Amino acid sequence: MSLKANEKNSIESGTFSLTDVVSIADISRKEIEIVLNKAKNLEEMDKKEKSKILENRVVASLFFEPSTRTRLSFETAIQNLGGRVIGFADPGVSSFKKGETLSDTIKMIERYADIIVMRHFIEGAARRAAEISQVPIINGGDGANQHPTQTLLDLYTIKKEFGKIDGITIGLLGDLKYGRTVHSLAYALAKFNDAKIYCISPEQLKMPKEIIEDIKGKVKVIETDDLNKVLPELDVLYATRIQKERFADEKDYNKVKNAFILDAGILKKTKKQFRIMHPLPRVNEIKTELDLTPAALYFEQAANGVPVREALLAMLLGKKKVI
Amino acid sequence: MSEKKIHISPIKNGTAIDHLPVGTSLKILEAINVNDATCTAAMNVESKKMGRKDILFIEGKELNETEMDKIRILGKNGTMNIIKDSKISKKESIDYPNEAKGILTCANEKCITNKEGLITKFSLKKNPLSAKCFYCEKSMDKKEIMNSIKKG
Ligand SMILES: [Zn+2]
């Protein structure tokens, strides 16, 4: 049985050319599809069979910045595949805070682990690690820069729900200026055909011009601050949190903070298959009254992180790099 | 006029850079490591083509690729002449390079290159000029690029 699983695994990973998952910018549409297919296979796979994929393997989980959600999702994926986890959840309790360079940490850990999952507050940390590590690196977030596994699980959620990503009409809502998640998702959707993106935000938190410039021509992008007007057209509304810290003046924050709160009333205007996504944690931007409606996709979205991360772990395994 | 004649003397071995935008000759001298090379800058010289221009001569030093890339960023539209034994051995119309390695400092203070003193790598786009950091993926515009060129 295990041989069969490994064999299947090696065939399917053959076409996944990346040795590290650092940035969504590195991943082509075809490779995204390979990841999503693999995730689907793993979801359908017998648990026992699945638990042999990382048998006798060690995955390092290095969280230089705490993120309980992302860490638990990764560690669940590792455990489901039968792997063992080493690492730390918070650098405050380890010696890594004491001035050791990232390079030194990686050069040490790569000798213990088959794959390194890392989250770091320094931007570019994962790229640096990938450059020097002989074992694959999976970026679990590097500051405000990249969080590719979030984007892949977002895409997986859309694919699972709608059967495809091409032609999707999605509203990105809330803080589009600083929101790393929506930036990456917009770039990823630009790799697909005929996606339509409504950027719905207050004036102060609009999608950066460079990003609009980069993706227009590949997707339709429409900027608006009127959610109600676009609601009937949307397949997906991707909500994000508006953070108080983003506003220089509290008055400005108070003006917009309640403008984009979603309640059950919105469902009167939406399509039947309309779905709400959110990277979580939410504060008050989605009222709990929506949680039990068919539109609420956000908890399932979070759960989809596990098969997507399993897929990446399975496909990167054994991809030792020659440096 | 007589002064100009004294300073702009042909060089035997080195680099002559002509048609530089006014003010760039000093910036180039700041950006490269001149050591004990003899450098002569003619500034704000009349030019048929440009109105006014700078000319820079660097005698007795072979520029390395990093230094040439700095000149390619600073001296766009100029002409770089490599001179060996009083003859032009290579002539290059100066244009932005596609990549810049170890030349620019990333403007993102949260970037790992600034935190750990790494050699920076940028990919450049022209029209308009921008440079994207290989590590943190942030882009710098022309003004930021010109301000971030490392000193020689
Ligand atoms: Zn950078």
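Only a predicted model underlies this, so the values are computations on that prediction, with no experimental measurement involved. Here is the naming used below: chain letters follow the sequence lines, and residue numbers restart at 1 for every chain.
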### Summary
Exactly one of T79(B), D54(B), N77(B) clears side chain to side chain donor-acceptor pair (under 3.5 Å) with H19(B), and that residue is T79(B)
### Message
A quick test of your reading: do over 12 heavy atoms of other residues, nucleotides or ligands sit less than 6.0 Å from NZ of K150(B)?
### Response
yes
### Message
Check this for me: does any side-chain nitrogen of one of E131(A) and R128(A) sit under 4.0 Å from a carboxylate oxygen of the other?
### Response
yes
### Query
Quick one: what part of K115(B) sits under 4.5 Å from any heavy atom of chain A, side chain, backbone, both or neither?
side chain
### Query
In terms of heavy-atom pairs under 4.5 Å, which option from L102(A), V22(A), D142(A) contacts chain B the most?
L102(A)
### Query
For residues D175(A) and Q243(A), is any side-chain donor paired with an opposing acceptor at under 3.5 Å?
no
### Summary
Whatever's closer than 4.5 Å to a heavy atom in chain B on Q146(A) counts as side chain
